[in-house]
Amino acid sequence: MPELPEVEVAARNLRRWAVGRRVRAVEPGPSAAVVLRPAGPRALGALGGARVTGVERVGKNLLVSLARGRAGAPVGLWSHLGMTGKWLHRKRADPAPRFSRVRFVLDDGCALHYADMRLFGRLRVVPGARFGEVPDLAALGPDPLRDGVDARRLRARLAKLRVPIKVALLDQGLLAGVGNIQASEACHRARIDPRRPASSLAPVEVGRLARAIVASIRYTLARFEEEGVASDRADIAYVEEPRTPNPFLVYGRAGERCPRRDGGVIQRVVQAGRATFFCPKCQR
DNA sequence: ACCCGTGTTCGCTG
DNA sequence: TCAGCGAACACGGG
């Protein structure tokens, strides 16, 4: 169930495992057709024999770029992990991990598995090898880690929205990569009540929120690095659950005390069908 | 059995 | 026309 920090870890590990390697074979597993829809498993044929040239991430999306043949004609593999998608690194002879949907055999004796229990994730073969060349990704907003967050631009967008600020932050066209956890965490860092209409935020509050989004993502990534999930020894391009201890300040902490000196007890509410965690005392 | 789930998309409604 | 909402997708885990 990845957001930007988890997908960033996945991108780093995939680079380490795959860049420079040639894809010897691509093997659809159980329910591969669901992951690969609408194109279906036949689309994978375009990747056989190709060499991996890079891995890009924008928001929660990964683009593995490859080059085919002598001319090096570029082709991309666009991956979105959905709720339970994972990239796994295994020896070629190892048995397929649980929920493996597609196996990519590399030329170094290893294999990459795309595993996905709930099948909300997607793999798509796309022409070209850059994110800018994928039309379906054109509507994504700026990536907070790569591009930063422009407070003035954010303020102009939020001014038109009546939805609660926390719900607005989940829109990938506003900012790419903020998910349900980071939205709660950022509102807490900015001391903003997640239930307030997005348009009600004062400029100074949008400024705090812009900084909070970047800070929360960097903090989460740093915690993952401490856990070692992005280390050379990691064999999963993801962050295993459950995370112990919970690395977040408010998410998943209903009933616990807010970490702030002037905080109260963290509450859980539901907004647009999703859980929101916040401190009613320090978030106004 | 029942409720919950780090995501996205579609259809309905006002 | 569109913002906003709930359901759907699919399958465990507590």
Side-chain angles (χ1 to χ4, degrees), chain A residues 1-11 29-38 57-62 78-87 97-101 114-124 134 136-137 139-141 144-145 157-188 194-200 213 216-217 219-221 223-224 227 229 236-255 268-277:
Chain A
M1 299 174 242
E3 299 186 17
L4 193 157
E6 291 87 343
V7 183
E8 175 64 18
V9 170
S31 297
V34 178
V35 168
L36 290 158
R37 74 178 182 226
R57 179 198 57 77
V58 173
K60 303 167 192 171
N61 299 274
L62 292 165
W78 170 23
S79 162
H80 192 295
L81 302 176
M83 290 278 267
T84 52
K86 297 170 176 66
W87 283 98
R98 213 174 170 207
F99 306 118
S100 173
R101 309 299 182 180
Y114 178 72
D116 190 347
M117 181 185 77
R118 287 178 75 181
L119 296 170
F120 289 172
R122 291 289 178 271
L123 292 180
R124 284 177 69 176
V134 183
D136 307 66
L137 297 173
L140 286 178
L145 195 60
R157 293 285 306 269
L158 295 179
K160 300 171 194 161
L161 304 175
R162 273 173 300 177
V163 285
I165 180 59
K166 184 265 182 174
V167 176
L169 290 175
L170 299 179
D171 180 351
Q172 300 299 293
L174 188 70
L175 292 169
V178 178
N180 202 41
I181 293 177
Q182 296 299 328
S184 277
E185 296 291 296
C187 286
H188 178 261
R195 300 167 295 182
R196 285 176 54 193
S199 57
S200 75
I213 290 163
S216 177
I217 288 169
Y219 174 79
T220 303
L221 202 45
R223 299 295 298 266
F224 291 166
E227 283 180 28
V229 291
I236 177 170
Y238 192 69
V239 181
E240 288 280 25
E241 298 172 84
R243 292 167 186 161
T244 51
N246 175 349
F248 306 115
L249 302 179
V250 290
Y251 187 87
R253 295 190 182 278
R268 177 189 184 275
V269 295
V270 174
Q271 297 182 286
R274 318 289 307 278
T276 299
F277 297 86

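Within every chain, numbering begins at 1; the chains are lettered A, B, ... in the order of the sequence lines, protein sequences first and strands thereafter.
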Would you indicate which nucleotide in [options] comes nearest to any side-chain atom of [X]?
| X | options | answer |
| --- | --- | --- |
| A:R268 | B:dC4, C:dG4, C:dC11 | B:dC4 |
| A:L119 | B:dG5, B:dG7, C:dC11 | C:dC11 |
| A:I181 | B:dT6, B:dT8, C:dG4 | B:dT6 |
| A:M117 | B:dT6, C:dG4, C:dG12 | C:dG12 |

Between [N] and [X], is there an OP1 or OP2 to side-chain N/O distance shorter than 4.0 Å?
| X | N | answer |
| --- | --- | --- |
| A:R274 | C:dG6 | no |
| A:K160 | C:dA3 | no |
| A:H80 | B:dG7 | no |
| A:K60 | B:dG7 | yes |
| A:R98 | C:dC11 | no |

[X] [atom1] to [N] [atom2]: how many Å, rounded?
| X | N | atom1 | atom2 | answer |
| --- | --- | --- | --- | --- |
| A:R124 | B:dT9 | CZ | P | 10 Å |
| A:L169 | B:dT8 | CG | C1' | 17 Å |
| A:L161 | C:dG4 | CG | C1' | 11 Å |
| A:I213 | B:dT6 | CD1 | P | 18 Å |
| A:R195 | C:dC5 | CZ | P | 15 Å |
| A:M83 | C:dA8 | CE | P | 16 Å |
| A:R157 | C:dA3 | CZ | P | 10 Å |
| A:L170 | B:dG7 | CG | C1' | 9 Å |

>> Work out how far the P atom of C:dA10 is from that of B:dG11, and round it to whole angstrom.
In response: 15 Å
> With rounding to whole Å, what would you report as the distance between B:dC3 and C:dA7 at their P atoms?
Replying inline: 13 Å
Taking any heavy-atom pair under 4.0 Å as a contact, classify [X]: base, sugar-phosphate, or nothing.
| X | result |
| --- | --- |
| A:Q172 | sugar-phosphate |
| A:G179 | sugar-phosphate |
| A:R162 | sugar-phosphate |

> Would you say the side-chain atoms of A:E185 pair up with the backbone N or O of A:S216, donor to acceptor, closer than 3.5 Å?
Replying inline: no
> Are the side chain of A:S100 and the backbone N or O of A:P97 linked by a donor-acceptor pair below 3.5 Å?
Replying inline: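 No; zero donor-acceptor contacts below 3.5 Å.
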> Counting only Watson-Crick or G-U wobble pairs whose two distances fall under 3.5 Å, which nucleotide matches B:dT6?
Replying inline: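 Pairing partner, where one exists within any strand: none, as none qualifies.
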> Is there a Watson-Crick or G-U wobble partner for C:dA10 with both distances under 3.5 Å, and if so, which one is it?
Replying inline: none
> Run the side chain to side chain contact (heavy atoms under 4.5 Å, CB included) check on A:T84 and A:F99 step by step: do they pass?
Replying inline: CA-CA 10 Å; A:T84 52; A:F99 306 118; over 6 Å; no
> Can you check side chain to side chain contact (heavy atoms under 4.5 Å, CB included) on A:K86 and A:L81, steps first, answer last?
Replying inline: CA-CA 6 Å; A:K86 297 170 176 66; A:L81 302 176; over 6 Å; no
> Which atom pair, heavy atoms only, marks the closest approach of A:E3 to A:G177?
Replying inline: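 Where A:E3 meets A:G177 most closely, the heavy atoms are CB-O, 3.9 Å.
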> Closest heavy-atom contact between A:F248 and A:Q182?
Replying inline: CE2-NE2, 4.2 Å
> Can you find a donor-acceptor pair, distance only, under 3.5 Å between A:R118 side chain and B:dG5 base?
Replying inline: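 Donor-acceptor pair under 3.5 Å: yes.
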>> Should A:F120 be counted as stacked on B:dT8, where stacking needs a ring-centre gap under 5.5 Å and an angle between planes under 30 degrees?
In response: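 Not stacked by the 5.5 Å and 30° rule.
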